[in-house]
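Step one of this worksheet: look at the structure below.
Atoms within each ligand, like the ligands themselves, are counted from 1 in listed order.
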Amino acid sequence: MATGRQGRPKATILPGERMRMDLSITIAGVKFPSCFMNASGALCMTREELLALGRSRSGAIVTKSMTVEPRDGNPEPRYYGFPGGSINSMGLPNLGYRAYAELIPELKQFGKPVIASIAGLCEDDFLTMARVINQARPDLIEVNLSCPNIPGKPQIAYDAADAERLLKRVRPLITVPMGVKLPPYFDPAHHAVMAEVIGRGHVDYLNLINSVGNGLVIDPTRDRPVIKPKGGFGGLGGALIKPVALANVRAFWKLLGGRVPIIGTGGVVQGLDAYEHVLCGASAVQVGTVLVEEGVGVFERLERELAAELNARGPRSLEATRGKLQEL
Ligand code: RRO
């Protein structure tokens with residue numbers, strides 16, 4: 001096997017590479033044509049954006065997290081991309097759950113899974129939305145317990161008791177597979193507590209991680225933050241959060257014994273980043289910052305690059321790679 005500069009297998013991208021590597025995956029019995037898909041929040045708020053995802057090579061259509069009422073979101077500027085990543089304080093701009101419920105049948109015509117993301121502003125909001133969205137029959141419903149950008153509202157999943165109570169109430173209302181999107185945790189004690197909550201919560205998959213909340217990026221030429229809401233504090237995404245994302249995927253994969261499928265989100269910029277997520281235990285990966293930067297063409301590039309990484313190692317299938325991180 002050829003090895004590259006850092007001693008890792010050299011991924012040479014051959015024409016038609018993607019064709020020879022199966023990148024489809026299954027989560028909770030739902031088949032995805034590709035392991036790459038958009039992260040909620042990235043180019044997925046309007047009907048036009050969702051239809052563009054449907055026409056693209058994204059392996060699923062993930063909606064923007066929805067609330068009961070439509071929202072304009074936080075004041076602008078509220079998103080800023082920089083070389084290592086991005087910061088956002090969007091504040092949940094979305095069309096409201098009724099509009100997404102109406103859109104779901106149209107989105108399902110693309111023949112790939114539709115994931116409806118719900119994010120209540122209070123516990124009862126989750127129940128209101130779960131009832132109606134479940135009736136619209138998306139392929140999966142994702143319960144977002146980790147929005148960092150609503151002034152005065154802490155991220156629900158940073159309180160294990162709150163998260164457990166909510167999951168207990170919402171789970172019986174959802175008959176399609178239910179996932180939970182968690183924020184990053186930075187201590188093994190927190191991973192352990194939340195893994196127990198997830199283990200008791202009849203959760204069909206985890207999405208790890210949401211943005212790294214409440215970072216601050218400064219424009220030093222103007223002595224001020226690059227975004228306006230919350231004094232410039234916002235969720236960090238992109239390349240710089242990959243180590244945090246990988247650690248969370250790995251920690252939950254091990255604590256849950258690989259029994260709860262994981263969508264790895266955070267720092268997927270190249271095919272190799274996706275490979276690393278899969279090594280840590282991810283079944284699929286989501287793309288936020290680079291999707292916003294490159295547009296929906298990013299999926300084709302990532303498929304090609306991941307196929308090259310897998311081919312350089314054998315070839316090895318996604319399934320044979322999943323969770324196989326070697327420890328020293
Ligand atoms: O809309 C947002 O500000 C937002 C949400 Br809901 C989320 O879950 N994660 C994020 O980084 N931004």
Below 4.0 Å, non-hydrogen atoms only: which portion of Lys181 touches ligand 1? Side chain, backbone, both or neither. neither
Is Arg78 close enough to touch ligand 1? Criterion: a residue heavy atom under 4.0 Å from a ligand atom. no
Looking at ligand 1, does Ser211 have a heavy atom less than 4.0 Å from it? yes
Does one hydrophobic cluster hold both Tyr158 and Val212, with members joined at side-chain heavy-atom distances below 4.5 Å? yes
Under 4.0 Å from a heavy atom of Asn149: which atoms of ligand 1 are those, numbered in the order shown and with their elements? 2 (C), 3 (O), 4 (C), 10 (C), 11 (O), 12 (N)
Whether over 12 other heavy atoms sit under 6.0 Å from Glu123 CD: yes
Note: Leu318 and Asp22 closest approach over all heavy atoms is CD1-O, 4.3 Å
Only heavy atoms of Gly91, strictly under 4.0 Å: list the atoms of ligand 1 that pass. 1 (O), 2 (C), 3 (O)
Numbered in order shown, the ligand 1 atoms found under 4.0 Å of a heavy atom of Met90 are 1 (O), 2 (C), 3 (O)
Is it the side chain (CB and beyond), the backbone, both or neither of Asn144 that lies under 4.0 Å from ligand 1, heavy atoms counted? side chain
side-chain contact (heavy atoms from CB on, under 4.5 Å), paired with Asn94, selected from Asp72, Thr67, Thr46: Thr67
For Asn88, the ligand 1 atoms with a heavy-atom partner under 4.0 Å come out as 2 (C), 3 (O), 4 (C), 10 (C), 11 (O), 12 (N)
Assess the side chains of Glu142 and Asn207: does a donor N or O sit below 3.5 Å from an acceptor N or O? yes
Just going by heavy-atom distances, which of Ser86, Pro93, Gly237, Cys147 is nearest to atom 5 (C) of ligand 1? Cys147
Can you find an N or O of Lys64 that's nearer than 3.5 Å to an N or O of ligand 1? yes
Among all protein heavy atoms, pick out the one at the shortest distance from atom 9 (N) of ligand 1; state its residue, atom name and that distance to 0.1 Å. Asn210 OD1, 2.8 Å
Can you check whether Leu92 has an N/O within less than 3.5 Å of an N/O in ligand 1? yes
Parallel, tilted or perpendicular, as decided by the 30° and 60° cut-offs, for the rings of Phe252 and His191: perpendicular
Contact check: Pro148 vs ligand 1, nitrogen or oxygen atoms, below 3.5 angstrom: no
Measure across Val197 and Leu167 and return the closest heavy-atom pair with its distance rounded to 0.1 Å. CG1-CD1, 4.2 Å
Given the ring of Tyr275, does Arg313 sit roughly above its face, with NZ or CZ under 6.0 Å from the centre of the six-membered ring and within 45° of the axis? yes
